[in-house]
There are 4 protein chains.
Amino acid sequence: MDTHIKTGGQPVKPYESNRARMLISCPDGPGIVAAVSRFLHEHGANIVQSDQYTMDPEGGMFFMRVEFDLDGLDGRIAALRSDFEAIASQFRMQWNIYQLSRKKKLAIFVSKEDHCLVELLWQWQAGDLDAEISMVVSNHPDMKEYVESFGIPYHHIPVTPETKREAEQKQLEIVGGNVDLIVLARYMQIVSPALIEPYRNRLINIHHSFLPAFVGGKPYAQAYDRGVKIIGATAHYVTEELDGGPIIEQDVQRVSHRDDVNELKRIGRTIERVVLARAVKWHIEDRILVHQNKTVVFN
Amino acid sequence: MDTHIKTGGQPVKPYESNRARMLISCPDGPGIVAAVSRFLHEHGANIVQSDQYTMDPEGGMFFMRVEFDLDGLDGRIAALRSDFEAIASQFRMQWNIYQLSRKKKLAIFVSKEDHCLVELLWQWQAGDLDAEISMVVSNHPDMKEYVESFGIPYHHIPVTPETKREAEQKQLEIVGGNVDLIVLARYMQIVSPALIEPYRNRLINIHHSFLPAFVGGKPYAQAYDRGVKIIGATAHYVTEELDGGPIIEQDVQRVSHRDDVNELKRIGRTIERVVLARAVKWHIEDRILVHQNKTVVFN
Amino acid sequence: MDTHIKTGGQPVKPYESNRARMLISCPDGPGIVAAVSRFLHEHGANIVQSDQYTMDPEGGMFFMRVEFDLDGLDGRIAALRSDFEAIASQFRMQWNIYQLSRKKKLAIFVSKEDHCLVELLWQWQAGDLDAEISMVVSNHPDMKEYVESFGIPYHHIPVTPETKREAEQKQLEIVGGNVDLIVLARYMQIVSPALIEPYRNRLINIHHSFLPAFVGGKPYAQAYDRGVKIIGATAHYVTEELDGGPIIEQDVQRVSHRDDVNELKRIGRTIERVVLARAVKWHIEDRILVHQNKTVVFN
Amino acid sequence: MDTHIKTGGQPVKPYESNRARMLISCPDGPGIVAAVSRFLHEHGANIVQSDQYTMDPEGGMFFMRVEFDLDGLDGRIAALRSDFEAIASQFRMQWNIYQLSRKKKLAIFVSKEDHCLVELLWQWQAGDLDAEISMVVSNHPDMKEYVESFGIPYHHIPVTPETKREAEQKQLEIVGGNVDLIVLARYMQIVSPALIEPYRNRLINIHHSFLPAFVGGKPYAQAYDRGVKIIGATAHYVTEELDGGPIIEQDVQRVSHRDDVNELKRIGRTIERVVLARAVKWHIEDRILVHQNKTVVFN
């Protein structure tokens with residue numbers, strides 16, 4: 001692909017082949033950190049980075065992210081996982097281990113507004129999003145050539161009130177079990193519960209307001225009408241409740257009475273781009289744990 | 001008063017005695033700026049600062065703030081006002097002239113939380129709020145000695161469900177026509193429409209959230225429950241609609257999952273203090289024009 | 001050009017054909033605003049937006065930006081300019097009138113790092129930079145195909161210590177008198193005084209630090225070594241003094257001990273992009289006046 | 001003391017009597033986290049919060065902060081410390097354990113500008129600074145009554161070129177070994193190396209600029225002359241190099257050409273207050289580790 005500057009989707013770096021990240025959520029109690037770190041030490045792993053957080057010292061939830069190196073990880077990961085079961089069950093943990101050599105696969109959904117997609121592709125190309133972009137899905141054909149020029153497949157699936165169910169079925173088939181994360185990069189259709197359920201906490205949306213202010217449509221017009229002095233954007237995991245899922249990241253910028261709705265949109269586009277890219281990056285780097293309707297972000 | 005550091009309520013500075021500010025709102029049309037500036041020039045005034053804003057070039061509203069010097073202002077202000085009537089009526093203006101030598105008189109309402117009051121008094125003492133503080137009104141007696149140590153009268157007017165009407169009557173009598181601006185510095189009672197009406201656009205409240213998110217009570221608890229990543233505060237003019245009046249200023253700060261409700265409150269106190277003080281300062285300096293439910297702030 | 005989403009370089013909008021902006025700098029004195037606004041009114045112009053600023057009321061400098069509509073502007077602009085000479089000379093004004101229908105012509109200089117160029121092209125494409133991009137000039141060939149895919153000429157002028165003078169000569173010839181603004185979008189060569197002089201206050205550079213901290217090379221490494229908690233970027237007009245010209249815009253972002261030099265660079269790239277794009281936009285919209293080594297930005 | 005609102009210096013809360021924090025710096029290597037957490041677990045301690053950071057996975061420095069609960073801490077802390085020696089020596093650790101029940105003792109140095117002192121006292125009074133304020137030391141008598149009204153001793157030690165050495169001697173005697181942290185809250189004298197040495201990494205200064213921009217005197221005048229668009233403040237540990245010590249915290253605020261030096265100072269005062277208070281709070285909460293000339297802040 002000639003017209004673009006760098007090739008995204010970098011190869012696995014040497015140090016990555018032996019590195020993994022472990023995410024743990026469980027009820028708090030004594031000895032968790034000791035048990036996990038002793039387990040890793042005894043299995044020959046070296047902890048590179050470790051973060052913990054206890055929601056409430058008296059009987060709350062405990063969250064942990066450990067990044068570690070282990071020589072010959074590929075050959076030993078299965079045993080590591082199976083050995084860990086004893087600790088996990090003792091502390092009633094929800095847990096996962098992610099190898100850095102297994103790049104996450106992304107599907108990006110987009111409608112007509114392209115700024116969030118362009119930003120993700122630009123960051124991916126610059127090597128800042130360490131993932132594979134498996135496909136772009138859109139209800140419009142507009143971005144086809146642009147996306148394909150990156151060597152990324154583009155699926156145009158039109159959505160009309162009549163074809164909505166059929167379109168959703170098609171989307172499900174395409175993303176199937178093949179992607180790890182779906183990113184709604186200003187995808188202006190409400191996604192089907194059939195997509196939300198299998199991608200719970202793996203389906204990120206960018207909402208163009210500082211949630212929970214201005215839920216629903218036309219948030220910049222709402223913001224203008226209310227006369228706010230700061231506007232924002234919110235990246236969140238999608239749940240069945242519209243704009244109600246766990247918030248991952250938000251950012252804002254100051255505006256003034258001089259900014260009309262179009263100017264708010266223009267300013268907002270940069271906030272949206274930055275906020276969504278951060279949320280996607282943190283998800284890719286396994287920095288986010290979800291508990292009930294809130295996120296713990298270790299960054 | 002000995003225990004405090006500086007004396008607030010500075011005397012009129014020499015340049016202030018001949019300086020005034022004019023605020024104008026009117027339907028937009030050709031020749032307004034020319035008419036106003038020619039009028040001032042012909043009356044011997046020198047424009048020091050001038051700001052205009054047109055909400056929509058095609059048939060919208062026009063807003064103007066002019067700061068000017070005029071020798072012998074005190075003796076000529078009456079004539080200036082009466083001469084301006086012709087222009088004002090030609091362009092259907094709402095307008096006002098404020099002399100800098102006439103310091104605005106403030107009444108500050110407060111309940112138990114003292115941080116906003118303390119900030120206003122500290123800024124006033126430091127010479128940053130160029131006004132008189134005529135009184136502090138509270139439904140609690142706690143701050144009496146502290147406030148009186150500044151030489152400011154403190155009116156303790158208890159409010160209970162039974163005495164609410166009577167208390168409001170008392171408040172009205174005390175502030176009467178004697179103050180120019182009422183500041184609700186974390187006054188935790190809903191103020192009476194009888195107070196709102198005469199002090200329309202002269203009654204500022206600080207709401208401890210980024211409005212319109214978290215209208216109503218316990219906004220920090222609401223923010224914690226929603227898991228927002230940024231919290232804020234909003235200063236607005238009070239209208240009959242709860243937390244719905246014209247927004248003057250907002251500011252925010254980043255928070256994380258580590259911050260519980262108490263930490264949000266602690267962080268929020270500093271935002272509230274700063275936002276309220278800015279809004280009060282801008283009102284005192286005649287920088288705010290209100291149109292429908294929005295503000296134009298020339299700063 | 002097919003692979004891109006929208007066509008940049010929008011046509012002149014209807015309202016723009018009769019709109020102009022006037023920038024004025026002069027010693028302060030009575031009657032300036034009145035004279036200018038009366039002049040415009042008497043010539044049939046309608047002031048859409050007007051900003052003034054006096055650096056020091058007693059004998060300082062006065063700055064003014066007026067945006068106005070005048071029917072049949074194209075046919076009347078010459079007379080307007082010549083009529084204004086009397087006022088300009090009376091008040092010793094430096095002044096200019098810019099018609100919105102005359103889009104400014106930009107030359108963008110870039111080296112290997114592409115993020116600032118990509119941002120400018122993206123904003124231009126999205127219609128947010130209301131200018132023509134006449135050419136991109138680079139000391140590297142890397143971006144040639146990308147830039148040309150937008151229909152923009154790309155001039156590859158290699159620079160080595162031996163060919164520096166010759167290369168500068170070539171640059172001068174190419175930009176000649178043909179462009180209105182040169183943007184150094186991470187152009188990593190020191191530009192020749194022969195280019196600075198004719199483009200004084202029309203040559204914008206983005207410096208990748210919060211100036212005046214970290215003047216010169218490798219500012220992110222400098223910032224890392226100093227252990228700062230906030231990094232920034234600075235857009236400024238280029239003068240003969242390295243990184244010493246009038247600052248147009250700056251912005252910052254919080255960092256922590258966790259961010260190594262590469263992470264600072266990554267975070268910095270987004271700040272640089274946004275800051276440079278804002279500065280270019282403000283220049284294009286005639287919002288910037290320069291006095292000595294400082295800018296007045298009416299935004 | 002009657003005129004103030006709340007009593008600062010809160011008593012030890014129940015949960016604090018059994019809680020401690022451990023700070024560790026050492027060369028990185030395998031097994032550190034495991035060794036520390038196993039040690040604590042085996043001694044019956046429960047880890048409440050734990051943070052680690054490795055400056056460079058390959059042979060860099062390792063930093064750790066652990067907050068833990070241990071029943072009967074007071075009676076067991078001596079044994080805990082002595083038992084830990086084996087681990088500490090194995091990993092060549094620099095380390096410390098701080099009991100929350102031992103409130104840190106502060107000395108605040110101040111000159112004429114009172115805003116930072118007032119903020120610290122206000123936050124202390126509000127219960128946000130969990131420490132004892134043992135004394136205020138000043139080269140001016142102005143704040144004596146104000147400080148004493150909080151029940152805090154005030155030492156007026158005048159400093160003139162002639163008496164400088166003698167004054168420093170007096171300061172040393174007064175703070176002696178009796179305080180844990182010295183805060184220079186806009187103390188406008190250069191402090192003696194004799195004070196710096198014993199209080200290395202326990203002596204915090206607030207510098208009224210965004211360091212390393214505007215080192216030395218009159219930073220707001222320097223900032224005004226340079227025409228920066230953002231100003232800031234920096235809290236840092238004091239070293240022998242003027243304004244060159246490890247940076248703890250910085251913050252900034254946007255300014256414009258309209259802000260003269262006095263306005264920059266006014267805006268700056270609020271930044272200074274907030275930044276210094278944060279740095280002091282983090283030091284009190286044992287969140288800061290210093291390595292060479294940089295800080296690791298776990299917050």
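Every chain is numbered from 1 and lettered A, B, ... according to where its sequence line falls, protein lines coming before strand lines. This one's a predicted model, so the numbers in the text were calculated from it and none came from an experiment.
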In terms of heavy-atom pairs under 4.5 Å with chain C, the winner among B/Gly29, B/Ser50, B/Ala45 is B/Ser50

Flag yes if more than 12 heavy atoms outside [X] fall under 6.0 Å of its [atom1] atom; otherwise flag no.
{"X": "C/Lys265", "atom1": "NZ", "value": "no"}
{"X": "B/Gln90", "atom1": "CD", "value": "yes"}
{"X": "B/Glu263", "atom1": "CD", "value": "yes"}
{"X": "B/Lys294", "atom1": "NZ", "value": "yes"}

Measure the spacing between [atom1] of [X] and [atom2] of [Y] and express it to the nearest 0.5 Å.
{"X": "B/Asp51", "Y": "C/Tyr53", "atom1": "CG", "atom2": "OH", "value": "12.5 Å"}
{"X": "C/Arg254", "Y": "B/Arg254", "atom1": "CZ", "atom2": "CZ", "value": "10.0 Å"}
{"X": "C/Gln52", "Y": "B/Glu67", "atom1": "CD", "atom2": "CD", "value": "12.5 Å"}
{"X": "B/Ile47", "Y": "C/Asp28", "atom1": "CD1", "atom2": "CG", "value": "10.5 Å"}

On a heavy-atom basis, which atom in B/His41 and which in C/Ala34 lie closest, and how many Å separate them? CB-CB, 3.6 Å

